[in-house]
Number of protein chains: 2
Amino acid sequence: MTKNGKPTKRQVILEEAAKLFKDKGYVGTSMRDIAGQVGMEAASMYNHIKSKDEILDSICFRISDIYIAQLQEVEELPLSFGEKIRVLIRLHIQLMVEDGPDVSVANHDYKYLPTSRLTEFTEARRRYEKGFAALIAAGVAAGEFQAVNPTVALYTILSAVRWVELWFKPGRSLSAQELEDHIITMLLNGLEKR
Amino acid sequence: MTKNGKPTKRQVILEEAAKLFKDKGYVGTSMRDIAGQVGMEAASMYNHIKSKDEILDSICFRISDIYIAQLQEVEELPLSFGEKIRVLIRLHIQLMVEDGPDVSVANHDYKYLPTSRLTEFTEARRRYEKGFAALIAAGVAAGEFQAVNPTVALYTILSAVRWVELWFKPGRSLSAQELEDHIITMLLNGLEKR
DNA sequence: GTCTATAGATCGATAGAC
DNA sequence: GTCTATCGATCTATAGAC
């Protein structure tokens, strides 16, 4: 947002692009499609963005920067490992609910980044996953968690949180808060009674 | 396979197409790309397939037919609800390990099916999810499972199983069997000690 | 059944008037 | 900063020789 609260043309383009990329994919969306949603001709958009690639780049790295920052904050909180994992799951779901199309693009269309940026993006995600897995491993070592394989637990959590992007719509019977609670219960306590 | 054990040209085309669709997406893969992998010119492929759409159609519906058939078989087995869910999770992982590219395409590129076929595919998936959720709800009602929201549990399970497609490679430190065991433990027992 | 050649549509991006 | 017009590349699919 600008100081007067009105989004810039560039922000509108990025936002409409993310919605279209989510629905039709990066390659399946044309600059003309985006322009149609924004309300200008495709050629005019080049006064606000450099290329189609750059739109994708902005979306993907904005999201990955948020993830990295969130992980760092949680790592420094004085909480048990179980509580840290809970916070991270909540943050994942909240980001998805608030920024659905962008998260979706960063999850699926990142692979269309040009080679050097793709490498950067993949490394950022690897760092994030490594930090997350370390929290799980530490929880296992501390006796808080069951003797799970940290990698399996990590990807199970990260994936289990992804379906929210396909499913959650604000007017649903479940609120975002209830959704968080249910997913956390399922992942931390499991399906079966013991 | 044909009777002499040699795959037909059509099968080779479908197989190479699925691998490319998985990596570059349906729209991001050209008929020339597929032809290059198969070892013929793009024009020659039209003697074996009707169109690019038809390749996608064959892949998606072959997978959805398998899912529907597997669910029906499991529903009729004389097992507890917990055991039925376990079998379904195992079948999911096995299909993904054995038929990775096709499952990946059915999961991500189905949206590029032409409208009428997209409707059919979506309805088939809805039937599958409904049947799966009913097993979870029955397990809750029978007191086998915790009081989870069946929809949340359903999508958590289905998604948790999807990362295997991104991660599993035959030469990994974890075998397919061990992977199944770990994921099932995580989903049925949860991460946290109780 | 495989090839070369190409039709016809659409793509990202630019030039240049206003 | 927005438009019209268009370039050059690339796409799916077909025609027709062999």
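By convention in this document, chain letters (A, B, ...) are assigned in the order of the sequence lines, proteins followed by strands, and residues within each chain are numbered from 1.
As rounded to whole Å, 13 Å separates atom C1' of D/dC11 from atom NZ of B/K24. For the pair B/L56 CG and D/dA13 P, the interatomic distance rounds to 12 Å; values are reported in whole Å. Distance, A/H48 NE2 to C/dG12 C1': 17 Å, rounded to whole Å. One atom, CE of B/M31, and another, P of C/dA7, lie 20 Å apart when rounded to the nearest Å. Distance A/K52 NZ to C/dT14 P: 15 Å, rounded to the nearest Å. One can place CG of A/D33 at 12 Å from C1' of C/dG12, the figure rounded to the nearest angstrom. B/M45 has its CE atom 14 Å from the C1' atom of D/dT14, to the nearest Å. Nucleotide C/dA9 holds its P atom 14 Å from the CZ atom of A/R32, rounded to whole Å.
Within the structure, every side-chain polar atom (N or O) of B/S44 is placed at least 4.0 Å from both OP1 and OP2 of C/dG1.
A/F21 and A/Y26 have perpendicular rings, their planes meeting at more than 60° on a 0 to 90° scale where under 30° would count as parallel. Taking the six-membered ring for Trp and thresholds of 30 and 60 degrees, B/F121 and B/Y110 have nearly parallel ring planes, at less than 30 degrees apart.
Out of C/dA13, C/dC3, D/dC3, the shortest distance to the side chain of B/E41 is found at C/dC3. Of the candidate nucleotides D/dC3, C/dT4, D/dT12, C/dT4 has the atom nearest to the side chain of B/A43.
Between B/F145 and B/F81, the distance separating the two ring centers is not shorter than 6.0 angstrom.
As judged by a 4.0 angstrom heavy-atom cut-off over every strand, A/S30 is placed among residues touching the sugar-phosphate backbone only.
Without hydrogens or angle criteria, B/Q146 side chain to A/G190 main chain gives a donor-acceptor distance under 3.5 Å.
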